[in-house]
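These values consider heavy atoms only, across backbone and side chains, with no hydrogens, waters or symmetry-generated copies. Because the structure is predicted, anything quoted here is derived from the model rather than measured.
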Amino acid sequence: MSKIKPRVFKGARDFLPEQMLHRERITDVMRKVFKKYGFSPIETPAIEYLDVLAGKYGEDADRLIYKLDYKPGTKDQAALHYDLTVPFSRVVAMNPDLTLPFKRYQIQPVWRADRPQPHQGRFREFYQCDIDAVGSKSMLIDAEMVAIAYEVLKTLGFTTFVIKINNRKILNGITQYAGLDSNMTQEVCRSIDKLDKMPWEEVEKELVEKQLPDAAIQKLGDLLTKNLSLESLAETLKNNSLAQEGISEINEIFGFLNELGVDSQHYTFDLSLARGLDYYTGPIFETKLKDQAHMGSLTGGGRYDQLIGMFTGKEMPAVGTTLGLDRIFTAMQQLGMLEPVKTSTKVLVAVFSKEEMKYSLQLASQLRTNQIATEVYPEPEKLKKQFAYADKKGIQFMAILGQTEIAENKLTIKDLSTGQQKMLDIQEAVKVINGEIGIEI
RNA sequence: GAGAUUGUAGCUCAGUCGGUUAGAGCGUCAGAUUGUGGUCCUGAAGGUCGCGGGUUCGAUUCUCGUCAGUCUCCCCA
């Protein structure tokens, strides 16, 4: 019999219980927070028509869309979705009767034909956890995006994250200020975005290579190397109405964040934040970890008031952010934030013999009635083996009932983490398992 | 798409200046006389040394090619 070598698709991964239990915990936290802010779940197909996706992200990103062989070259050509924002925009365009503002969350895998770099948290298949709101121009919604990202990361136990905030209007403004044509903004932004990784001199070189006029580069350098506060930036750009608009939006967001109780240590204005995707039009945000510089951003998003109009021809304000499950998960792994777990089972009920199995099953049923995750060892093996199983799987409690216990209508409960055990009745046992009382010997 | 680097047991890695049966630790499984795990002890299973060609009496070791993994750049979650 010939064998097929088992292998996982490059850049994709299997998740075993040890990982999935953590991943589910992370998404549970997200869902809770999302709902708390009034976002409702939706789901869209993994597969879309290519023309729905193409031309929204920018030239580089468009190349990374996973195109499928289905009707290649026609307008019905299919592709795997590259993110969740564009499919969501399609949904909004197709459902004009939605009550606005419409706030949704969406947790699904997306695909990018990229070169994987696991250490940086970069994969070809990964989960995005998106929140977006359409139908409001209020900066409160933008502020909520930041507040939600903050609350999720904080709840998960991150301490060194910073949510960087900037505004495409400011970036467009400084391009104008430097005397450049507005279609250069993308190019300029792409270089500016590297300032957190390389010094200005390097970025300057790149701009020279891109053949920008020296005078323009000079002006950009003046703005970017001085680490200007919002106030002094506003002063410098006081004649540029676009930049002014962007700056006052940021100020408005900061005001809301303050009122929402978001710790100002965890967000900051960063003129060098640019973001590569084409569809952003206003405020943009991105989260980095201070102590994990190699890791890509944990979250990223912004306002995209013109994207939905690409489907409807009518402008519709929208803002959203993505929380990157795989980035968050990878960072937590690397920072040692994840306690090893193999199971969510709390109790293993031992089985002595075929005859006594029914008592074990009755006990298991009673424990489950008390909401305790319970396993029954499936056959009457040596106790030693049943203990070893519980130990290896990290099940904390062992419930033993043989003739002695059955005769007294009790059970022996053993805490494998301490080695303590005691014969108890079921009510007491439940309390011990729930940690309400200890086992006294 | 450009560059760098690595491929030996399930995992982490030794090793052979080219020479009969390629090693360790961890893990797995089984024992230490049948109601108690995690420590210790004993034993076992497990490798065409990534794949293909070349040099050689002889290659896992040298060489060329190829494939795969990893890292950096680009870009992003």
Side-chain angles (χ1 to χ4, degrees), chain A residues 5-11 16 26 30 57-65 81-85 107-130 149 186 189-191 193-194 197-198 202 206 273-278 280 284-289 294-302 320-331 348 350-353 356 377 380-406 411-423:
Chain A
K5 193 181 176 190
R7 50 194 193 133
V8 210
F9 188 74
K10 189 185 181 73
L16 295 176
I26 295 169
M30 290 182 186
Y57 305 105
E59 227 178 282
D60 281 346
D62 266 11
R63 275 189 317 129
L64 300 179
I65 297 173
H81 60 203
Y82 173 93
D83 71 355
L84 302 178
T85 306
I107 299 178
Q108 284 182 250
V110 303
W111 292 269
R112 294 185 186 176
D114 211 355
R115 165 149 252 163
Q117 256 161 253
H119 187 61
Q120 295 180 0
R122 181 204 208 89
F123 307 95
R124 282 184 178 168
E125 177 182 271
F126 61 96
Y127 269 79
Q128 289 197 328
C129 312
D130 269 39
Q186 287 297 335
C189 283
R190 232 160 261 169
S191 298
D193 198 37
K194 293 173 191 167
K197 275 189 183 170
M198 52 172 86
E202 299 277 325
E206 209 177 283
L273 170 67
R275 297 191 59 71
L277 297 182
D278 274 359
Y280 294 117
I284 46 181
F285 1 91
E286 189 167 298
T287 305
K288 291 283 288 183
L289 290 174
H294 64 275
M295 178 77 56
S297 52
L298 262 48
T299 83
T321 194
T322 297
L323 310 194
L325 172 60
D326 293 270
R327 288 275 163 86
I328 290 171
F329 177 65
T330 307
L348 177 68
V351 173
F352 272 86
S353 66
E356 287 154 317
Y377 202 85
E381 274 278 5
K382 282 187 265 188
L383 260 202
K384 184 185 179 67
K385 195 162 179 183
Q386 305 190 34
F387 265 88
Y389 170 79
D391 185 51
K392 266 184 283 187
K393 263 189 101 170
I395 300 172
Q396 190 184 354
F397 294 99
M398 199 65 184
I400 306 148
L401 72 175
Q403 291 180 353
T404 327
E405 288 85 357
I406 293 167
L411 66 135
T412 295
I413 197 87
K414 176 163 182 172
D415 183 340
L416 299 205
S417 63
T418 62
Q420 291 178 310
Q421 68 176 61
K422 197 178 183 186
M423 199 153 87

Under 4.0 Å, heavy atoms only, any strand: does [X] hit a base, just the sugar-phosphate, or nothing?
| X | result |
| --- | --- |
| A/Gly58 | nothing |
| A/Gln403 | base |
| A/Leu298 | sugar-phosphate |
| A/Leu277 | sugar-phosphate |
| A/Phe123 | base |
| A/Tyr127 | nothing |

Classify the ring geometry of A/His294 against A/His119: parallel below 30°, tilted from 30° to 60°, perpendicular beyond 60°.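 Rings of A/His294 and A/His119: parallel, under 30°.
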Could I get the full list of salt bridge (Lys or Arg N to Asp or Glu O under 4.0 Å) partners for A/Lys194, not counting sequence neighbours?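 For A/Lys194, the residues satisfying salt bridge (Lys or Arg N to Asp or Glu O under 4.0 Å) (neighbours in sequence not counted) are A/Glu206.
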So, taking the atom named [atom1] in [X] and the one named [atom2] in [Y], what distance separates them when rounded to the nearest 0.5 Å?
| X | Y | atom1 | atom2 | result |
| --- | --- | --- | --- | --- |
| A/Met398 | A/Asp391 | CE | CG | 10.0 Å |
| A/Gln120 | A/Arg327 | CD | CZ | 7.5 Å |
| A/Phe352 | A/Thr404 | CZ | OG1 | 7.5 Å |
| A/Asp130 | A/Thr85 | CG | OG1 | 4.5 Å |

When the C1' atoms of B/C41 and B/U5 are considered, how many whole Å apart are they?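 Each nucleotide's C1' atom is 43 Å from the other's.
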Paired and unpaired positions of RNA chain B as dot-bracket, Watson-Crick or G-U wobble under 3.5 Å, | denoting a partner strand: (((((((..((((.....[...)))).((((.........)))).....(((((..]....))))))))))))....
If you find the nucleotide of RNA chain B closest to A/His119 and the one closest to A/Thr404, which residue's nucleotide is nearer the 5' end?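 It is A/Thr404 whose nearest nucleotide is closer to the 5' end.
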Under 3.5 Å, is there an N or O donor on one side and an acceptor on the other linking the side chain of [X] and the base of [N]?
| X | N | result |
| --- | --- | --- |
| A/Glu356 | B/G35 | no |
| A/Arg122 | B/A77 | no |
| A/Asp391 | B/G38 | no |
| A/Ser417 | B/G38 | no |
| A/Gln117 | B/U70 | no |

Distance check: side-chain N/O of A/Arg115 vs OP1/OP2 of B/A2, anything under 4.0 Å?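 A/Arg115 to B/A2 OP1/OP2: no side-chain N or O under 4.0 Å.
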Taking all non-hydrogen atoms of both residues into account, name the closest pair between A/Ala350 and A/Leu401 and its distance.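 Looks like O-CD2, 4.5 Å.
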Could you tell me the separation between the [atom1] atom of [X] and the [atom2] atom of [N], rounded to a whole number of Å?
| X | N | atom1 | atom2 | result |
| --- | --- | --- | --- | --- |
| A/Ile65 | B/C75 | CD1 | P | 18 Å |
| A/Phe126 | B/A77 | CZ | P | 7 Å |
| A/Asp62 | B/G1 | CG | P | 17 Å |
| A/Lys382 | B/U34 | NZ | C1' | 7 Å |

Between [options], spot the one nearest the side chain of [X], thanks.
| X | options | value |
| --- | --- | --- |
| A/Ala388 | B/C29, B/G37, B/C71 | B/G37 |
| A/Gln120 | B/U72, B/G35, B/A77 | B/U72 |
| A/Glu405 | B/G35, B/C73, B/C75 | B/G35 |
| A/Lys385 | B/A77, B/C29, B/A30 | B/A30 |
| A/Lys384 | B/A32, B/U72, B/A30 | B/A32 |
| A/Ser297 | B/G31, B/A77, B/U36 | B/A77 |

Short side-chain donor-acceptor distance under 3.5 Å, A/Thr412 and A/Glu405: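 There is such a pair between these side chains.
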